[in-house]
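Written out below as structure tokens is the structure these notes cover.
Chain naming here is simple, since letters A, B, ... match the order of the sequence lines and numbering starts at 1 in each.
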Amino acid sequence: MIRFLHKVANSFNSAKQPQIHFHKQLKPARANLTLKSYLKSNPIKTILLFSDLLRKKISAVDSYSLLYVIKACTKNSLATEGKQAHGLVIKLGYEPIIFLQTSLMNLYAATASVADVHQVFDEIPNKNVVCWTSLISAYVQNQKPNRAIEIFRQMQMDDVEPDQVILTVALSACADLGALDKGEWIHELISQKTDFSEDLCLMNALLNMYVKCGDIRKAKLLFDNVKIKDVRTWTCMIVGHALHGQAEEALRLFSALEEENKSRSSKSRETKDQLLVPNDVMFIGVLMACSHAGMVEEGKRYFRSMNEEYGLKPRLSHFGCMVDLLCRCGLLNEAYSFILAMPIQPNAVIWRTLLGASGVQGNVELAAVARSKLGELEVSVVGDDVALSNIYAAKGMWEEKIMLRHEMRQRRTPGCSSVEVGKLHS
DNA sequence: ATAGGGTTAG
């Protein structure tokens with residue numbers, strides 16, 4: 001970390017003249033309020049004002065200013081600026097401030113430098129539960145849920161008492177792993193603590209864990225027991241039903257939410273403030289349910305109502321759900337025209353959906369189109385070629401198959417699997 | 001004044 005020190009002053013001095021004006025008589029305490037307020041509206045302005053302060057006088061910044069600038073770097077995943085801020089923490093002798101250390105851990109987690117997160121953690125002399133949370137969260141954010149759980153165990157062996165926040169993070173690691181047994185063990189810990197089950201964030205994480213680990217009965221039981229729910233609670237349950245092929249339950253739940261909102265909006269103003277307005281994530285669950293059940297017309301209707309009734313702009317994933325729905329129902333040509341009419345560029349997943357469906361239905365023409373689109377996107381992996389090659393084989397088109405194999409060998413792109421965990425609950 | 005948390009197609 002020391003080696004970044006010498007760069008610090010220079011890089012801040014050579015920064016472009018910021019457009020932000022401030023009075024040089026501002027004391028840190030005063031400027032810090034401004035830094036903090038920019039953080040919410042536009043974190044880049046926090047960084048510009050900070051470097052401006054620093055250029056004039058190093059004593060114009062204190063540990064609070066640094067905290068805000070580190071958070072600004074975290075929000076925008078700015079690795080270089082973040083390292084410079086870390087250098088300043090050391091230079092100004094703020095290393096013993098634990099708030100700065102945990103903020104630095106979050107910064108490195110956001111810039112995908114998990115090794116740096118761990119190093120900062122190791123150098124903290126008196127680690128509290130917040131430090132452990134940041135560490136575990138870093139591993140979860142960077143797709144290492146196994147490591148996150150290991151560290152959670154290690155923390156307990158160090159006799160650090162877990163709180164609601166770290167249990168929430170640990171549960172998301174279990175969800176990512178599909179580790180039902182570990183999730184249930186954390187559920188036990190929650191039950192032993194008074195008041196923990198009143199934390200909605202924690203309950204939503206627990207619900208999500210049961211959903212992702214495939215225990216839909218426990219999920220539903222929990223959902224019914226959570227008295228005050230928010231949009232995420234409902235979304236989680238709707239997605240849960242959809243993932244488990246329970247399309248009817250998913251759609252029934254969505255209708256129940258709409259009914260609940262109708263009755264609330266006709267009542268007092270207080271209940272109007274508690275409206276559970278569906279968001280775009282919830283519609284992914286709804287569209288997934290339609291897809292599983294093969295409900296084309298309903299799917300199209302929900303897709304339209306998303307925009308018309310709720311003013312939600314469909315994102316790439318919603319278009320993906322629609323393509324999946326059309327393909328599953330065998331409407332390949334309609335899926336293809338739907339893709340061509342999309343207002344945003346389709347990604348590889350969408351073309352791959354069409355390619356897969358074309359394979360199943362033996363539509364060589366569309367399969368070739370989808371494959372060439374995948375090629376254009378330069379993300380073609382061996383798996384796509386294998387799919388197409390099998391279609392050719394099934395059709396007895398051996399020459400094409402041999403040519404494809406030859407192409408694949410020349411590209412030498414290794415195939416890969418996304419399954420890393422031994423345990424799969426489906 | 002200051003640190004850590006939950007839903008997202010295939």
So what does [X] hit on the nucleic acid, given a heavy-atom distance under 4.0 Å: a base, only sugar-phosphate, or nothing?
| X | result |
| --- | --- |
| A:Thr353 | nothing |
| A:Val231 | nothing |
| A:Leu171 | nothing |
| A:Phe319 | nothing |
| A:Leu67 | sugar-phosphate |
| A:Leu316 | base |

[X] side-chain proximity, nearest of [options]:
| X | options | value |
| --- | --- | --- |
| A:Cys201 | B:dG5, B:dT7, B:dT2 | B:dG5 |
| A:Tyr64 | B:dT2, B:dA9, B:dT7 | B:dT2 |
| A:Asn208 | B:dT7, B:dG5, B:dT2 | B:dT7 |
| A:Thr102 | B:dT8, B:dA3, B:dG5 | B:dA3 |
| A:Val169 | B:dT2, B:dG5, B:dG4 | B:dG5 |
| A:Gln164 | B:dG5, B:dA3, B:dA9 | B:dG5 |
| A:Phe99 | B:dA1, B:dA3, B:dG5 | B:dA3 |

- In terms of side-chain geometry, is the basic nitrogen of A:Lys127 or A:Asp158 positioned less than 4.0 Å from the acidic oxygen of its partner? no
From [atom1] of [X] over to [atom2] of [N], roughly how many Å is that when rounded to an integer?
| X | N | atom1 | atom2 | result |
| --- | --- | --- | --- | --- |
| A:Ile166 | B:dG5 | CD1 | P | 11 Å |
| A:Lys127 | B:dG4 | NZ | P | 19 Å |
| A:Met105 | B:dG5 | CE | C1' | 15 Å |
| A:Ile97 | B:dA1 | CD1 | P | 16 Å |
| A:Leu207 | B:dT7 | CG | P | 11 Å |
| A:Leu287 | B:dT8 | CG | P | 15 Å |
| A:Ile136 | B:dA3 | CD1 | C1' | 15 Å |
| A:Ile284 | B:dT7 | CD1 | P | 13 Å |

Is a donor-acceptor pair below 3.5 Å formed from side chain [X] to base [N], judging by atom type as modelled?
| X | N | answer |
| --- | --- | --- |
| A:Asp324 | B:dA9 | no |
| A:Ser103 | B:dA3 | no |
| A:Thr168 | B:dG5 | yes |

Exam field: side chain [X] to backbone [Y], donor-acceptor pair closer than 3.5 Å:
| X | Y | answer |
| --- | --- | --- |
| A:Asn142 | A:Ala138 | yes |
| A:Asn32 | A:Tyr64 | no |
| A:Asn208 | A:Val211 | no |

- Side-chain N,O (A:Lys71) to OP1/OP2 (B:dA3) below 4.0 Å: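 Looking at the OP1 and OP2 atoms of B:dA3, one of them is under 4.0 Å from a side-chain N or O of A:Lys71.
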- Determine: side-chain N/O of A:Asn106 to OP1/OP2 of B:dG4, distance under 4.0 Å, yes or no.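 The answer is yes; a side-chain N or O of A:Asn106 sits under 4.0 Å from OP1 or OP2.
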- Task: Mind checking salt bridge (Lys or Arg N to Asp or Glu O under 4.0 Å) for A:Glu198 and listing every partner two or more places apart, or none if nothing turns up?
- Result: none
- Task: State, without any angle test, whether A:Ser291 and A:Asp324 hold a side-chain donor-acceptor pair at a distance under 3.5 Å.
- Result: yes
